[in-house]
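The structure under discussion appears below in the form of structure tokens.
Side-chain atoms are counted along with the backbone in the values below, which use heavy atoms only and exclude waters and symmetry mates. Below, read A as the first sequence line, B as the second, and so on, with proteins coming before strands; counting in each chain starts at 1.
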Number of protein chains: 2
Amino acid sequence: MNDEPATTAKSTRHSRADVVDAALGILDEFGLPDLTMRRLAAKLDVQPSALYWHFDNKQALLAAVADRIIAGARVRDVAEAAGDGLGTRASERASWHVTTRAEALALRDALLAYRDSAEVVSSTLALGLGAGEAHCRLAAAIASGGFDVQASEASASALLHYLLGHVWHEQQRLQADSLGVVAPGYAVHPESASDVLATGGGASPVDGTAAFEFGLTLLLGGLSQLTRVRS
Amino acid sequence: MNDEPATTAKSTRHSRADVVDAALGILDEFGLPDLTMRRLAAKLDVQPSALYWHFDNKQALLAAVADRIIAGARVRDVAEAAGDGLGTRASERASWHVTTRAEALALRDALLAYRDSAEVVSSTLALGLGAGEAHCRLAAAIASGGFDVQASEASASALLHYLLGHVWHEQQRLQADSLGVVAPGYAVHPESASDVLATGGGASPVDGTAAFEFGLTLLLGGLSQLTRVRS
DNA sequence: ACCTGAACACCGTTCAAGT
DNA sequence: ACCTGAACACCGTTCAAGT
């Protein structure tokens with residue numbers, strides 16, 4: 001209906017950062033399918049061809065977008081993310097699994113801040129273009145637990161794959177629900193029954209965060225069984 | 001160069017199955033970006049609009065493709081997939097983690113049989129349109145270990161997310177390498193140095209299968225720490 | 001039951017040329 | 001340094017009409 005974008009600097013010429021800003025705006029307002037070069041150009045009051053001065057192609061643009069998304073993962077006080085009911089300060093030395101968990105949760109939060117972010121980041125990650133920082137942070141957190149570099153990096157990869165797979169699923173479900181696209185045989189299973197959050201006991205993974213943490217616990221549990229190189 | 005497809009039945013009219021066949025052909029010969037309705041129609045010697053008699057839209061077509069891909073996951077002798085060096089028949093009762101592992105490996109093999117399959121299946125899975133069978137098989141294998149239904153299903157989801165994330169990464173890396181698209185800063189890290197398989201000790205995750213199994217071991221290890229409902 | 005023909009409203013990308 | 005104008009080779013989807 002309204003063709004006029006919310007905020008646009010009309011007069012000045014643009015930089016790479018401006019283009020990424022506009023792209024992020026389209027991304028979480030309309031989603032990845034609507035993030036086309038032509039729409040992006042229109043939002044910037046520019047011809048589509050102008051974008052190719054800033055970026056070689058759409059893929060390069062998306063890589064820059066992905067970098068900005070995961071750059072938004074700042075670990076808000078680890079203590080806050082950790083102390084959630086258990087025996088407060090049980091372990092003295094910084095326990096690696098707490099920081100790893102916090103790192104993973106922060107990463108997920110950063111992804112959830114933008115629509116279809118998991119798909120954008122995944123597409124980019126395999127090319128080594130962006131999101132390498134996320135892998136590094138996870139690997140460092142794990143390595144602080146005394147695992148050797150090889151195991152730490154492999155574990156970080158596994159964690160990242162799980163994380164992206166999970167968030168992607170969440171985000172796709174979100175937009176599928178909003179479009180009213182439900183499967184015929186699937187009917188209404190507990191997760192899609194919107195505000196009926198109290199299905200069973202209460203601690204079971206009915207919402208996305210709890211489900212994510214369940215898998216996270218599985219991975220960290222398996223990791224803790226590995227032999228350490230130093231205590 | 002050659003516009004003529006390898007195999008085409010020219011005269012007869014087509015069924016849904018024929019369309020899926022042709023789609024699978026394009027998928028693993030050229031990849032997902034080339035799997036367009038127009039190319040598919042051309043391969044079938046048909047107008048693009050004809051495809052819309054068989055499927056409501058492209059998404060529905062891709063869901064059918066995804067179903068066929070994961071249907072290809074038949075567990076070849078579990079014993080063969082399990083007995084790989086350890087003390088042969090150590091555990092008497094069918095050990096759940098062996099069958100779960102075999103199930104996951106079979107699923108990965110089925111995905112690796114077609115190019116870009118992970119992306120196709122992932123896109124479809126969240127909509128509940130297809131690939132639900134994969135989740136069921138994994139959940140059943142896990143439940144045989146004595147975990148309650150809730151934990152089994154949640155674990156199956158985590159495993160599936162990890163699996164899809166991993167395979168997607170593998171497949172994207174494959175086509176990225178074939179296109180010669182490498183990251184500037186990333187340089188040549190061990191995985192992309194094609195045939196140099198012997199980097200370190202030999203048992204470290206240098207190839208895709210070993211890397212996948214590492215994460216799988218992590219998840220199964222964490223799972224085994226959970227409390228069982230029955231022995 | 002299965003398909004044609006023609007149209008609609010889009011895509012990403014290139015490239016000479018402008019300021 | 002940043003952008004225009006115009007073109008090229010595509011997309012998915014709809015719909016009346018054919019057999």
Practice item. Using the P atom as the reference point in each nucleotide, state the distance between dC2(D) and dA17(C) in Å, no decimals. Key: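 Between the two P atoms, the distance is 22 Å.
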Review point. Taking the same atom, C1', in dC10(D) and in dA9(C), what whole-Å distance lies between them?
Key: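 My reading of the C1' atoms in dC10(D) and dA9(C) gives 13 Å.
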Check your understanding: Under 4.5 Å between any side-chain heavy atoms of L159(A) and L218(B), yes or no?
Key ->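 A side-chain contact is absent here, since even the closest heavy-atom pair is not under 4.5 Å.
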Check your understanding: R108(B) versus T209(B): any side-chain heavy-atom pair under 4.5 Å?
Key ->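 Contact flag for R108(B)/T209(B) side chains = yes.
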Please give, in whole Å, the distance from [N] [atom2] to [X] [atom1]?
X	N	atom1	atom2	result
Y52(A)	dT14(C)	OH	P	7 Å
L35(B)	dC11(D)	CG	C1'	13 Å
L51(A)	dT4(D)	CG	C1'	13 Å
F55(A)	dC3(D)	CZ	P	12 Å
D45(B)	dT4(C)	CG	P	9 Å
L40(A)	dC3(D)	CG	C1'	15 Å
L44(A)	dT4(D)	CG	C1'	15 Å
M37(A)	dT13(C)	CE	P	6 Å

Exercise for review: Using modelled atom types only, decide if a donor and an acceptor are shared between the side chain of Q171(B) and the backbone of S117(B) within a distance under 3.5 Å.
Suggested key: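 Checking the backbone N and O of S117(B) against the side chain of Q171(B), a donor-acceptor pair under 3.5 Å is found.
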Exercise for review: Applying side-chain contact (heavy atoms from CB on, under 4.5 Å), run through L27(A) and I69(A) and close with a yes or a no.
Suggested key: CA-CA 11 Å; L27(A) 189 64; I69(A) 291 174; 4.0 Å; yes
Review point. Is the distance between the ring centroids of H161(B) and H169(A) less than 6.0 Å?
Key: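 Under 6.0 Å, so yes.
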**Study point:** Opposite nucleotide pairing with dG18(D), Watson-Crick or G-U, both atom distances under 3.5 Å
**Key:**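 Per the H-bond distance test, dC2(C).
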Point to revise | dA7(D) pairs with, by Watson-Crick or G-U criteria that keep both distances under 3.5 Å | key: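 Partner of dA7(D): dT13(C).
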Side chain of [X] only, heavy atoms from C-beta on: which candidate in [options] is closest?
X	options	answer
V46(A)	dG12(D), dT13(C), dT4(D)	dT4(D)
R13(B)	dA1(C), dT4(C), dT13(C)	dA1(C)
Q47(B)	dG5(C), dA1(D), dG12(C)	dG5(C)
T36(B)	dT13(C), dC11(D), dT13(D)	dC11(D)

**Study point:** Distance-only donor-acceptor test, S49(B) side-chain atoms vs dG5(C) base atoms, 3.5 Å
**Key:**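 Check passes, donor-acceptor contact within cut-off.
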Point to revise | N or O in side chain of H54(A) less than 4.0 angstrom from dA1(D) OP1/OP2 | key: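 Checking H54(A) against dA1(D): no side-chain N or O falls below 4.0 Å of OP1 or OP2.
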**Study point:** A50(A) or R38(A), whichever maps to the more 5' nucleotide of DNA chain D
**Key:**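 Nearest nucleotide further toward 5': that of A50(A).
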**Study point:** Given DNA chain C, 5'-ward residue of the pair R39(A) and D56(A), judged by closest heavy atom
**Key:**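 Result: R39(A).
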